[in-house]
Amino acid sequence: MRSIQFYKKGKTMFIAAAVLCGTLTGSMLISQDTYAASKGIKIRYNKKTRINKSKRMKVKYKNKTVSKSSYKALIINKSYMVPYTDVFKSGIKATCKYVSKKKSLTITKNDVTIKMKVGSKTAYVNGKKTKLPAAPLSVRFVSKKKTKIVVPVSFVAKKLHLTYKKSGSSIYINDPLVLSYDKKTTYYTGAQGTVFYNHQNYPLKDMPVIKIGNSMYMPAEEVLDGIMNLDYDYNPSTGKLTVSNEDTNIELTAQLNSNAVTVNGKKAVLNAPLKLVKNVSANKEVLCVPASGLAKQLGYSRSWVKANSYYSIQSKLFFDWNNKLDEEKASVQEPNYIYAVKAGYTEQNGTGAINLNVTGSSSDLMHKLTVSRSSNIIKITMPQSEYLLNKNQFSNFGEIVQKMEITTSEDDTMTITLICGNTTDYSYTIQNNTLVLNLLYTYSSSTGSVTNYSLSIPKPSGITLSHVTNQDLYASKKFQIDLKGDHVEFFRKNPVVINNNKVKSIAITKSGSNTRITVTTSSLRGYKIFDKGKNFVVSMDEPKKIYKSIVVLDPGHGGHDPGAQNKKKNEKDLNYKILYTLMKQYTSQNAPDIKVYWTRTTDTYVTLAKRAAFAKGKSADAFISLHMNSASNSSANGTEVYYSVSNNSKSFGGITSKKMANLFKTKLVGDLKTKSRGVKTAGYYVLKHNTVPSILIELGFISGSSDYGRLIDSSFQKKAANSIYEGIQSMFNTYKTGR
């Protein structure tokens, strides 16, 4: 807290400040740099004084600031200009000569000589006439009473073969990389990068990733052997390179100065030839290979990420161990023989997961396995299982799993232990006799973006969003996604990628003529399904974060409570058919804005207290209960809508229960041509004890002489369901929730 007093003495205003916490200078006064930046800097050139308000940049050479604080780079004539004496002469140590009488400036470095003249855009680079982006100027820095000759920093740096980059508030200049290849030496100023392998960035000592022609090259031994840990052999005498990965059973041979390769005995072609490149600066000759072509042939995904200056290489397959069962063991269902274990990486729309597939001989016993996590250790326990493979250990699944180990005990229990670098979210499915365990994380793709999708579902050939339906089984914390056709085998090879720790499991099964993906969650989740090119993606979160509007529909009565009756027709059945059976068609979109939850979806009895509390549990915005009226006199007919005065405060968009009742009464009477019995108040439990705007619709009299025939007529029932849904749409369009 600070106490500040202003007082005046003569013509001067003073500030007296008692500073109780912190300092006045650090927290209340504007710094000189900030003040200068906001006001600009006064400079004079070409016989005219100006206020330059451009962003001023530090200039750094080999990460050391070489520009003086009062003479930072500033924009003049659309180019950043710097005093040549500060940056190029004193900082970079170029040879510089300025002849004041001729106003000529010569700068020499890296076998390049640039001749310029103050006030002229014409320059000569090693004798060749060139046009400057801005002419050198003699600039007077008024406040410092100092004159400096400034030059366009980008042009001069690049022509001297120096690297040039702007970032934040600094300009970075570095010496060129001197390379020798194809019998010539060059000052290399192109892209230089590191290697980003399996989500970890590795600096390179012998040679950075460089661009030769149209291809990115990487140092073979340092990357393939040192970083990727592949079996590597290069014979300088013959120029032959052999690279193999025993986990994926891929072997590649290549030849120096050739783009022809052999992969597992089959001929293939790289995008560019292997080259010997000498780093003259470090006096080191290195075998360099075309990164894209080699990584592709070895089975990796790869890309040059320009924004981050690294070459990304990602394993698609970590290992694939299998052992074909002999006929005798294949015919035995118990115990369960584990004959294939496979691990790979999948990424769709930026969502990444490592998939561990374990295949056994007994589908029944595979469904009895358990997966558990304790801190950073995940264990898969399989009863009555035997392991038929020789390999049982693997280290370093990208950045997630440090070690995997498979052990068996005397009681025929097999355990797969995954030791992770930290607590890793996971989910798993069991498809027939194969466990698919997903180790989850969100991976930033080459664009640097991170997706919010919870599920990414590979799209089978010929399947579009029109072939996808869904059903929300919210009562059991599940939802189902159905795809037309049998695609179970497709999903075994192309697993669903999960990126949400609320997903407990996924089951993929054949259901009639469809493939059903059943998602089980740990809590109530809203979801939407979208088509994203090669995948369907599911956005999943708390209902209010997914849907713009949520309404609860309550088919009155149910189970042992038939409601009103007439001629063997029960009110509960009419309520259920209109509000659930017929209403479902309006609420089954894959990405709805209006979400509907029902208090009952079968002929069951639900207490009034549970119905009233249901809306709060689903984060609903409104509640609608449907009933049929009854009277002792058959002359009573018509529609009436009730609300409770105890639950009539303003809610979303200014709506109240009374306004809601009026809206639906007008809509129903207008559409169905029933007699209007108006809007009424009542202390019905589901209205009075609700937490959201609520109404109870008495659609008609089951006992009525004219209403009865309408209420049991299928055409009228369809119209009623449509009218109620259109009323819901109208309500949320008129009174918006703001989400």
Side-chain angles (χ1 to χ4, degrees), residues 469 471-472 551-589 592 594-606 611 614 622-631 634-642 660-680 684 686-687 694-732:
T469 57
Q471 184 175 3
D472 193 349
V551 62
V552 166
L553 299 184
D554 174 42
H557 306 284
H560 64 76
D561 176 13
Q565 296 174 298
N566 187 17
K567 299 178 183 178
K568 297 184 179 180
K569 295 292 183 181
N570 296 322
E571 178 192 351
K572 68 171 184 176
D573 300 323
L574 300 177
N575 297 336
Y576 180 81
K577 183 176 180 182
I578 293 171
L579 206 60
Y580 179 70
T581 305
L582 296 174
M583 185 67 73
K584 280 194 301 182
Q585 64 178 309
Y586 302 109
T587 64
S588 60
Q589 306 100 316
I594 299 174
K595 176 64 177 177
V596 176
Y597 291 109
W598 286 271
T599 57
R600 67 181 180 98
T601 56
T602 58
D603 182 19
T604 54
Y605 176 75
V606 182
R611 292 175 196 252
F614 192 85
F623 177 95
I624 300 172
S625 187
L626 180 65
H627 289 256
M628 306 297 159
N629 224 331
S630 182
S634 63
S635 62
N637 295 278
T639 300
E640 55 193 26
V641 182
Y642 288 86
M660 185 177 167
N662 274 295
L663 185 154
F664 278 88
K665 184 269 296 180
T666 302
K667 176 67 176 169
L668 289 167
V669 170
D671 289 345
L672 304 179
K673 309 304 180 187
T674 55
K675 179 182 177 180
S676 174
R677 293 175 62 92
V679 170
K680 300 180 179 181
Y684 295 136
V686 294
L687 304 182
S694 306
I695 61 171
L696 186 148
I697 299 170
E698 294 281 7
L699 190 62
F701 281 76
I702 195 172
S703 59
S705 55
S706 60
D707 279 356
Y708 174 77
R710 291 174 172 175
L711 295 176
I712 65 171
D713 179 70
S714 60
S715 177
F716 179 88
Q717 291 168 348
K718 291 178 182 177
K719 288 181 180 179
N722 182 68
S723 182
I724 293 172
Y725 187 69
E726 287 183 351
I728 294 169
Q729 290 180 308
S730 177
M731 174 179 65
F732 286 123

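Computed from a predicted model, the values in this text were never measured in an experiment.
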(Q) Among D472, V551, V552, which residue satisfies the side chain to side chain contact (heavy atoms under 4.5 Å, CB included) criterion with K595? (A) D472
Q) Who passes ring-ring contact (aromatic ring centres under 6.0 Å, His included) against F716, sequence neighbours left out? A) none
Q: List the atom of I578, the atom of A721, and the distance in Å for their closest heavy-atom pair.
A: O-CB, 3.5 Å
Q | Flag, side chain of N637 to backbone of S706, donor-acceptor distance under 3.5 Å | A | yes
Q | L672 to A720 - nearest heavy-atom pair and separation | A | CD2-N, 3.7 Å
Q. In chain order, what residues pass the side chain to side chain contact (heavy atoms under 4.5 Å, CB included) check against K718, with sequence neighbours excluded?
A. L582
(Q) Contact between I728 and I624 at the side-chain level, heavy atoms closer than 4.5 Å - yes or no? (A) yes
Q) Measuring from L711:CG to K577:NZ, what's the distance to the nearest 0.5 Å? A) 12.0 Å
Q. Is there a side chain to side chain contact (heavy atoms under 4.5 Å, CB included) between L574 and I702 once you walk through the steps?
A. CA-CA 9 Å; L574 300 177; I702 195 172; 4.0 Å; yes
Q: Not counting sequence neighbours, list each pair that qualifies as a salt bridge (charged side-chain N to carboxylate O under 4.0 Å, His left out) and has a residue in residues 553-575.
A: D554-R611, K572-D603
Q) In chain order, what residues pass the ring-ring contact (aromatic ring centres under 6.0 Å, His included) check against Y576, with sequence neighbours excluded? A) Y580
Q: Take N575 and M628, measure what side chain to side chain contact (heavy atoms under 4.5 Å, CB included) needs, and give me the verdict at the end.
A: CA-CA 7 Å; N575 297 336; M628 306 297 159; 3.5 Å; yes
**Q.** Over all atoms of both residues, closest heavy-atom pair of L687 and I695
**A.** CD2-C, 3.4 Å
**Q.** Atom pair CG (L696) and NZ (K680), whose distance is rounded to the nearest 0.5 Å
**A.** 12.5 Å
**Q.** side chain to side chain contact (heavy atoms under 4.5 Å, CB included) between L663 and S730, worked out
**A.** CA-CA 8 Å; L663 185 154; S730 177; 4.3 Å; yes
Q. Do M583 and Y725 have side-chain heavy atoms sitting under 4.5 Å apart?
A. yes
**Q.** Residue pair S703, N566: steps toward the side chain to side chain donor-acceptor pair (under 3.5 Å) verdict
**A.** CA-CA 6 Å; S703 59; N566 187 17; over 6 Å; no
Q. How close do Y642 and Y684 get, heavy atom to heavy atom, and via which atoms?
A. CG-CE1, 3.7 Å
Q) Any idea which heavy atoms bring L579 and P555 closest together, and the distance? A) CD2-N, 3.6 Å
Q) Does E726 have any side chain to side chain contact (heavy atoms under 4.5 Å, CB included) partners at least two apart in sequence or in another chain, and if so, which? A) K667, D671, N722, Q729
Q) If we only count heavy atoms from C-beta on, is the V641 to E698 side-chain gap below 4.5 Å? A) no
**Q.** Residue pair S634 / S705, side-chain donor-acceptor N/O under 3.5 Å
**A.** no
Q: Could you tell me the separation between the OG1 atom of T587 and the CG atom of L553, rounded to the nearest 0.5 Å?
A: 8.0 Å
Q: Measure across M660 and S694 and return the closest heavy-atom pair with its distance rounded to 0.1 Å.
A: SD-N, 4.2 Å
Q: Determine which pairs satisfy side-chain hydrogen bond (donor to acceptor under 3.5 Å, both in side chains) with at least one residue from residues 707-716, sequence neighbours left out, and list them in order.
A: none
Q) Can you tell me how far the CG atom of L699 sits from the CD1 atom of I724, to the nearest 0.5 Å? A) 6.0 Å
Q) Are any of the side-chain heavy atoms of H627 and H557 separated by less than 4.5 Å? A) yes
Q) So, the side chain of T666 versus the backbone of N662: is there a donor-acceptor pair under 3.5 Å, distance only? A) yes
Q: Hey, can you tell me if F614 and Y597 have their rings parallel, tilted or perpendicular (30° and 60° cut-offs)?
A: perpendicular
